[in-house]
Colleague: 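This is the structure, below, for whatever I ask next.
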Amino acid sequence: MATIDTPVKTSAGGSGQAPVRAPRARRGRPGSRLWVKVVVAVLLVVEVYPMIWMFLTSLKSNDDYLNNSTWSLPTTWEWGNYTEAWTTGNIGLYVQNSLLAVVPALALMLLLGTAAGFALQVMVWKGRSLTLLVFLAGMMVPPQMILLPLFTVYFQTGLSGTLWPLILTYTGTGLPLTVFMMATYYRSVPRELFEAATIDGAGILRAFWTISLPLVRNALLTVGLVQFFFIWNDLLIALTFTNNQDLRTIQVGLLNFTGDFGATQYGPLFAAICINVFGTLLIYLFLNQKVMKGLTSGALKG
């Protein structure tokens, strides 16, 4: 095989074999680096300062919040606001209701969405393209249009007064996006893997559980993270179907957060908001690292 032999530059004396070093690349101008640092600093302040202000406000008393400046530091550090928010404000119950609604809905959504994506991209059957378009059409339906019919159905079937309306509604509204994302990810999976499994005698169910699921675990984690925040931060659906105070999710609970005699206690209110915001922020930071590591590791080895 022919190769191109590049000449080697020698020193001026003609005796050496050492090549002349190539000139180093020019570094960026100091002014451009300064502008980048300034922009990053501004973005950091915009993102971090509201959380710091929210945390400091959660440590103020009600009189301190109403009588002093909004930007002032707390005169007395009221750490008991978090205890009051968790007990008197029933934030613990609201978090429990949110988990009982979000976790089953997320599990059903990922299971059904992954199975639908497998059927639409890996399996060959008539009408799968039209079926995918039907799923995509579900993304165009505004949630406000389906609330009243769903409320009537849940009332007539006796599901009102439970968390099942939230679970079923979250699963149905999140399926179109989940199916679309999983079907898109299945397009990048080599078909030779499923063909080899079929030759070895694996059926559809075995190919789905033992071959496809390990390959799409990174996509499952990514889609699950996105859908988790969509469902957890929902207010419209939860406010419509929770007609009982004991069934309120955390977003509805924060909306109706009051203290004794119906008066708003701003310190416990901001403490409850901090519990919600910083709790989900920790989950995001932890799962975000898992997603990045999973996406860079690749689906195939060797």
Side-chain angles (χ1 to χ4, degrees), residues 47-106 143 147 151 154 159-170 173-174 225 227-287:
E47 293 291 335
V48 175
Y49 180 74
M51 293 187 289
I52 297 176
W53 175 84
M54 180 175 59
F55 174 71
L56 293 177
T57 306
S58 68
L59 298 177
K60 292 182 178 181
S61 62
N62 215 39
D63 294 337
D64 193 3
Y65 180 83
L66 295 175
N67 298 327
N68 296 332
S69 174
T70 307
W71 313 105
S72 63
L73 294 175
T75 55
T76 57
W77 300 82
E78 299 289 342
W79 293 98
N81 289 337
Y82 285 88
T83 304
E84 187 175 354
W86 191 264
T87 56
T88 307
N90 293 327
I91 291 299
L93 177 62
Y94 300 152
V95 171
Q96 178 184 347
N97 292 335
S98 295
L99 291 175
L100 292 176
V102 170
V103 174
L106 192 62
L147 292 181
F151 186 86
Y154 294 146
L159 294 178
S160 299
T162 64
L163 290 175
W164 279 108
L166 297 182
I167 297 174
L168 296 177
T169 306
Y170 288 151
T173 55
L225 181 64
Q227 294 289 6
F228 171 80
F229 286 106
F230 282 163
I231 300 175
W232 185 269
N233 295 322
D234 168 71
L235 177 63
L236 178 62
I237 297 175
L239 186 62
T240 303
F241 296 119
T242 52
N243 52 6
N244 189 350
Q245 183 177 359
D246 295 333
L247 298 177
R248 289 177 178 175
T249 60
I250 188 169
Q251 306 302 333
V252 182
L254 291 175
L255 183 65
N256 300 285
F257 194 93
T258 54
D260 296 335
F261 307 107
T264 302
Q265 301 294 328
Y266 293 98
L269 173 61
F270 279 95
I273 296 175
C274 288
I275 293 174
N276 179 33
V277 171
F278 290 112
T280 53
L281 181 61
L282 290 177
I283 295 175
Y284 170 76
L285 293 176
F286 175 75
L287 292 181

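These figures come from a predicted structure and were not determined experimentally.
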Colleague: Looking at CD of Glu84 and CG of Leu269, how far apart are the two atoms once the value is rounded to the nearest 0.5 Å?
Modeller: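 Taking CD in Glu84 and CG in Leu269, the distance rounds to 11.0 Å.
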Colleague: Counting distance only, does the side-chain N/O of Asn62 pair as donor-acceptor with the main-chain N or O of Gln265 below 3.5 Å?
Modeller: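 Checked: no pair found.
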Colleague: Can Thr57 and Tyr65 be said to form a side-chain hydrogen bond (donor to acceptor under 3.5 Å, both in side chains), step by step?
Modeller: CA-CA 7 Å; Thr57 306; Tyr65 180 83; over 6 Å; no
Colleague: Answer yes or no: is there a donor N or O on one side and an acceptor on the other, between the side chain of Ser98 and the main chain of Ile250, under 3.5 Å?
Modeller: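 Pair found, side chain donor or acceptor close to backbone of Ile250.
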Colleague: Can you list the steps and then say if Thr162 with Tyr154 is a side-chain contact (heavy atoms from CB on, under 4.5 Å)?
Modeller: CA-CA 10 Å; Thr162 64; Tyr154 294 146; over 6 Å; no
Colleague: Are Asp246 and Asn90 close enough that some pair of their side-chain heavy atoms sits under 4.5 Å apart?
Modeller: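 No, every pair of side-chain atoms sits at 4.5 Å or beyond.
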Colleague: Do Thr249 and Val252 come within less than 4.5 Å of each other through their side chains, counting heavy atoms only?
Modeller: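 Side-chain contact under 4.5 Å: yes.
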Colleague: Which distance, rounded to the nearest 0.5 Å, do you find between the CD1 of Ile237 and the OG1 of Thr169?
Modeller: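 So the CD1 of Ile237 and the OG1 of Thr169 are separated by 6.0 Å.
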Colleague: Around Phe229, counting heavy atoms of other residues, nucleotides and ligands shown, do more than 12 lie under 6.0 Å from its CZ?
Modeller: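 Yes, enclosed.
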Colleague: May I have all residue pairs that pass side-chain hydrogen bond (donor to acceptor under 3.5 Å, both in side chains) and include part of residues 71-81, sequence neighbours excluded?
Modeller: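 Counting only pairs at least two positions apart or across chains, the side-chain hydrogen bond (donor to acceptor under 3.5 Å, both in side chains) contacts touching residues 71-81 are Asp64-Thr75, Thr76-Glu78.
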Colleague: So, do Phe270 and Trp53 have ring centers that fall under 6.0 Å from each other?
Modeller: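 Yes - the distance between ring centres of Phe270 and Trp53 falls below the 6.0 Å cut-off.
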Colleague: Taking the side chain as every heavy atom from C-beta outward, state whether Leu59 and Tyr82 have any pair of such atoms under 4.5 Å apart.
Modeller: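 Contact flag for Leu59/Tyr82 side chains = yes.
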Colleague: How many angstroms lie between CG in Asn97 and CG in Leu166, if you round to the nearest 0.5 Å?
Modeller: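 Asn97 CG to Leu166 CG: 9.0 Å, rounded to 0.5 Å.
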Colleague: With the side chain counted from C-beta on, respond yes when Leu66 and Tyr266 share a heavy-atom pair under 4.5 Å apart, and no when they do not.
Modeller: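 Of all side-chain heavy-atom pairs linking Tyr266 with Leu66, at least one is under 4.5 Å.
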Colleague: If you measure from CG on Leu106 to CD1 on Ile231, what distance do you get to the nearest 0.5 Å?
Modeller: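 Output value for this atom pair is 5.5 Å.
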Colleague: What is the distance from atom OG1 of Thr83 to atom CD1 of Ile91, rounded to the nearest 0.5 Å?
Modeller: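 Reported value, rounded in 0.5 Å steps: 13.0 Å.
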Colleague: Is there a donor-acceptor contact under 3.5 Å from the side chain of Gln251 to the main chain of Ala238?
Modeller: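 Flag not set: sc Gln251 to bb Ala238 has no pair under 3.5 Å.
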Colleague: May I ask you to decide if Tyr170's main-chain N or O and Thr173's side chain share a donor-acceptor pair within less than 3.5 Å?
Modeller: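 Such a contact is found between Thr173 side chain and Tyr170 backbone.
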Colleague: Please say whether more than 12 non-hydrogen atoms of neighbouring residues, nucleotides or ligands are located less than 6.0 Å from CZ in Phe278.
Modeller: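 Atom CZ in Phe278 is crowded, with more than 12 foreign heavy atoms closer than 6.0 Å.
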Colleague: Do Tyr94 and Asn276 have side chains that approach each other closer than 4.5 Å (heavy atoms only, starting at C-beta)?
Modeller: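 Counting from C-beta outward, Tyr94 and Asn276 never come under 4.5 Å.
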Colleague: Nearest 0.5 Å, please: how far is CG in Asn243 from OG in Ser160?
Modeller: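 If I round to the nearest 0.5 Å, the distance is 6.0 Å.
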Colleague: Could you tell me which non-hydrogen atom of Phe228 sits nearest to which non-hydrogen atom of Val102, and how far apart they are?
Modeller: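 Heavy atoms of Phe228 and Val102 come nearest at CD1-CG1, 3.7 Å.
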Colleague: Is it true that a side-chain atom of Thr280 and a backbone atom of Val277 form a donor plus acceptor pair closer than 3.5 Å?
Modeller: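 Yes; judged by distance alone, with no hydrogens or angles, the pair exists.
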Colleague: Which pair of non-hydrogen atoms, one from Ser58 and one from Ala271, has the smallest distance, and what is that distance?
Modeller: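 Answer, listing the atom of Ser58 first, then Ala271: CB-N, 3.5 Å.
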Colleague: Could you tell me if the side chain of Ile283 sits less than 4.5 Å from the side chain of Trp232, heavy atoms only?
Modeller: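 No. Closest side-chain heavy atoms not under 4.5 Å.
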Colleague: Do you know the tightest heavy-atom contact between Ala85 and Pro268?
Modeller: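 In this case the closest contact between Ala85 and Pro268 is CB-O, 3.4 Å.
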